[in-house]
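See structure below.
Whatever order the structure lists them in is the order used to number ligands and atoms, beginning at 1.
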Amino acid sequence: MRTMQAAVFQQKGKIGIREVPCPEPGVGQALIRVTTTTICGTDVHILKGEYPVREGLVVGHEPVGVIAALGPGVEGYSLGDRVIVGAITPCGQCRACLSGAPSQCGHGGDGYEAIGGWRFGNTIDGCQAEYVLVPYAQANLAKIPSGLTDEEVLMCPDIMSTGFSAAERGHVRIGDAVAVFAQGPIGLCATAGARLAGASLVIGIDSVPHRLDVARRMGADVVLNYKEQDVVAEIKRLTGGGVDVAIEALGQPSTFEGALRSIRPGGVLSSLGVYSSHLTLPLDAFAAGLGDHTIVTSLCPGGKERMRRLMNIVAARRFPFRELVTHRFRLAEIEAAYDLFSHQREGVMKVAITP
Ligand SMILES: [Zn+2]
Ligand SMILES: [Zn+2]
């Protein structure tokens, strides 16, 4: 049997390299030889045991690679094609997918499954490995335009897609004022996305000076350090009463509440965070339920058409991806990469991992 190196969840606190069988594609599947991948904040939750996955699972959900093998029924692709695959791999054919909610994909069935579209490194083996098996390949393989490097498209599978979705699902309009709570990799992409969507004022909020500097370069007009000032009061002062859209990009009750308090009546709270505790709605900020507020949540949009659009944004130089890939590691060194990334040392934003 052929084997490969892969980063495997072994126990709480331990993701490390193991030799595992190299998968073979079945009907509708493709085998990708991974050329570059990265680590997501969600992988750190998995490492810490805060998001449970089974022992022995290959982790990672942001693949860039080349097609190494194609199963029966996958058409329009050739061996050697350079592709990316979204972190979310919808089937494209179930009720959820065909009703416009592909991230909640029911896997070819006749229903919806909450978070069902997220399979890589969650319910099936992921891509922090030499090879990854792609389900529903016809719906998910996105060819990389010639001229773009691996690192240039590495942010597309997850953080660009997720960050941009906050502005899209929050219906940011030309001329809007938008506040983005937290300027980690996802929040920075949300900042860039709000700018792209036409906001005339983008306010980035964090406490780390380096991240606030990057936020300015990625599209924030104003940055606020919540450790130094009353952010909600300053947002209300800057906007004359509150932003049109506030984006939550951390997953903490405090940032959720800050976002809610900073929107104007009739405004939108667009939430990207992954929450691990109960949320409460403060009665005054919620206008007792009569403030015409909208609260939307989003899971990263996936599928090949989404990836095509995001890669075109990169190709058109509309997205400053170079701010985000700050460190590089080999797959064999992935434990060191997790250590750096999870402790946010050396100003790390995202790491590029190459086999
Ligand atoms: Zn992720
Ligand atoms: Zn589906």
Distance alone, cut at 3.5 Å: any donor-acceptor contact between the side chains of Y275 and E248? yes
Whether H107 has an N, O or S atom under 2.8 Å from the Zn ion (ligand 2): no
Where the Zn ion (ligand 2) is the vertex, angle from C94 SG to C97 SG to 10°: 110°
Could you check if a side-chain atom of D206 sits within less than 4.5 angstrom of a side-chain atom of N225, using non-hydrogen atoms only? no
Report, rounded to 10°, the angle at the Zn ion (ligand 1) between the two atoms SG (C40) and OD2 (D158). 120°
Going by atom types only, do Q138 and E75 share a side-chain donor-acceptor pair under 3.5 Å? no
Does the shortest distance from the Zn ion (ligand 1) to an N/O/S atom of H61 fall below 2.8 Å? yes
Is the distance between the ring centroids of F164 and F319 under 6.0 Å? yes
